[in-house]
Amino acid sequence: MTTITPKPSDLIPDRGIYERRESVVRSYARAMPRQFGKAEGVWMHDNQGGRYLDFLSGCSTLNYGHNHPILKQALLDYIAGDGIAHGLDLHTEAKEAFLETFEDVILKPRKLDYRAMFTGPTGTNAVEAAIKLARKVTGREMIIAFTNGFHGMTLGALACTGNAAKRGGAGVPLSHVSHEPYDGYYGPEVDTADLLEQRLADPSSGLDAPAAILVETVQGEGGLNAASPEWLRKIAGIAKAHGALLIVDDIQAGCGRTNGFFSFEDMGFTPHIVTLAKSLSGMGLPFALTLFRPELDQWSPGEHNGTFRGNNHAFVTATAALRHFWSDDHFIGDVRRRGALLEQRLTALAEEHGFETRGRGMMRGINVGSGELAGAVTAACFDAGLIIETSGAHDEVIKVLAPLVIDDAVLSHGLDILEAKIGDALDSDFAVAAE
Ligand SMILES: *Cc1c(COP(=O)(O)O)cnc(C)c1O
């Protein structure tokens with residue numbers, strides 16, 4: 001096995017209170033053992049004078065960067081005016097403004113007709129609501145999810161998640177989900193949509209008729225595997241043919257990350273149900289949404305409930321974000337251009353070292369072949385002032401989730417650091433030992 005020389009960051013002990021009182025379940029804090037104080041735009045600051053370029057963006061929760069001035073001002077004004085902070089699911093001015101803006105800026109221009117269900121505030125709540133509704137509407141139990149999929153940590157969503165370490169925490173059987181091979185799982189020669197169709201069409205395959213097919217168009221935690229539009233269209237067709245609902249989990253890939261507000265735009269299919277969270281509030285405030293076609297709105301009042309359904313502060317910042325970034329095509333045009341720049345740089349880097357790139361839009365990464373190498377690179381990046389994380393079954397994909405608002409020059413600067421640290425790691429004893 002390889003040994004990795006400890007980086008300076010490994011040697012800094014946890015601050016006392018965290019060691020004493022915070023559960024050992026903490027994770028990101030171990031890779032980045034600093035105390036953070038402030039953040040603005042694409043930068044985070046620790047309390048020892050360190051400045052970090054954020055290529056993680058709260059796992060794509062901060063697509064518009066930290067503390068965007070327009071969103072911040074909208075929230076400050078709302079609080080100063082004694083706006084409702086918590087209102088269960090009562091009608092509030094903030095909720096009305098959000099729904100009207102979402103309708104005008106997002107749904108109507110895309111000719112989408114969805115009802116909005118405000119679930120509990122995190123992504124997993126939106127997924128739970130989606131699969132619960134699909135089971136209720138279809139009267140079926142089985143959900144089809146995919147290898148390497150990630151959908152959250154509560155039991156229903158966790159059952160749809162592939163990762164064994166996460167599943168292991170459940171403590172009860174995770175059932176009523178079948179994990180089918182995602183696009184490309186058996187390599188480019190095998191069309192896994194055809195395999196799924198074959199299994200569903202065969203009355204003796206043992207696969208029960210599904211309530212829903214739940215899919216990420218780009219697998220955020222599962223290694224940035226991007227499904228092709230053709231494969232996704234086939235999956236949509238399979239869902240339709242077999243009476244299942246198509247749920248697109250757009251929690252990470254949505255809100256502009258993959259070149260449109262929704263990750264499936266312009267692909268020629270419309271999901272029955274869509275989940276959104278992460279960057280929806282625009283400022284890192286918890287806020288999740290489950291969207292579904294009107295005919296699926298078969299809940300009885302209060303049948304799915306929750307105290308924090310509709311975070312009014314998040315309504316305010318989400319509305320400001322929709323108005324500022326999505327009222328015209330400027331922002332998404334910039335995002336597409338930056339995504340192309342990112343693709344170009346990562347492709348060059350991958351070709352130089354014989355690695356592969358992954359992903360789509362501003363959700364891209366580089367598969368360096370081993371989790372140990374990827375971890376050594378991201379640790380070295382952190383010491384050089386770049387926050388960047390790994391993804392994939394073996395944490396072998398270094399993922400670039402820069403804020404979408406990042407300047408091209410700053411994006412290039414961060415990629416320069418990544419390039420240098422990959423080069424260093426490959427030159428080091430580590431690489432020799434890994435062979
Ligand atoms: C992060 C994520 C979730 C879970 O969201 P939480 O807010 O962590 O509960 C679900 N699906 C996808 C695709 C995600 O990236």
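Residue indices begin at 1 and follow the sequence shown. For ligands, and for the atoms within them, numbers begin at 1 and follow the listed sequence. These numbers were taken from a predicted model, which means no experiment stands behind them.
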Can we say [X] and [Y] salt-bridge, meaning some charged N sits less than 4.0 Å from an Asp/Glu carboxylate O?
X	Y	value
K234	D194	yes
D250	R257	no
E303	K132	no
D408	R337	yes

Query raised in the report: What residue among I273, V127, V274 forms side chain to side chain contact (heavy atoms under 4.5 Å, CB included) with D249?
Result: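 Among I273, V127, V274, the one that satisfies the side chain to side chain contact (heavy atoms under 4.5 Å, CB included) with D249 is V127.
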So if I count the atoms of ligand 1 from 1 in the order they appear, which ones are less than 4.0 Å from some heavy atom of [X]?
X	result
Q252	15 (O)
H151	10 (C), 11 (N)
D249	10 (C), 11 (N), 12 (C), 13 (C)
T124	4 (C), 5 (O), 6 (P), 9 (O)

Query raised in the report: Got the closest protein heavy atom to atom 6 (P) of ligand 1, with its distance?
Result: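 Minimum-distance protein heavy atom for atom 6 (P) of ligand 1 reads G123 N, 3.4 Å.
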Under 4.0 Å, heavy atoms only, figure out whether ligand 1 is touched by the backbone of [X], its side chain, both or neither.
X	answer
E216	side chain
T122	both
K278	side chain

Query raised in the report: So, for atom 8 (O) of ligand 1, does the protein have a heavy atom nearer than 4.0 Å?
Result: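 False for atom 8 (O) of ligand 1.
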Query - Distance-only donor-acceptor check, side chains Y18 and Q35, under 3.5 Å - result: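 Note: Y18 and Q35 side chains meet the donor-acceptor criterion.
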Query raised in the report: Do D77 and Q73 meet the criterion of a side-chain donor-acceptor pair at a distance under 3.5 Å?
Result: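 Side chains of D77 and Q73: pair found under 3.5 Å.
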Query raised in the report: Within the structure, does V127 bring an N/O atom to less than 3.5 angstrom of an N/O atom in ligand 1?
Result: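 No; the residue has no nitrogen or oxygen that sits under 3.5 Å from a nitrogen or oxygen of the ligand.
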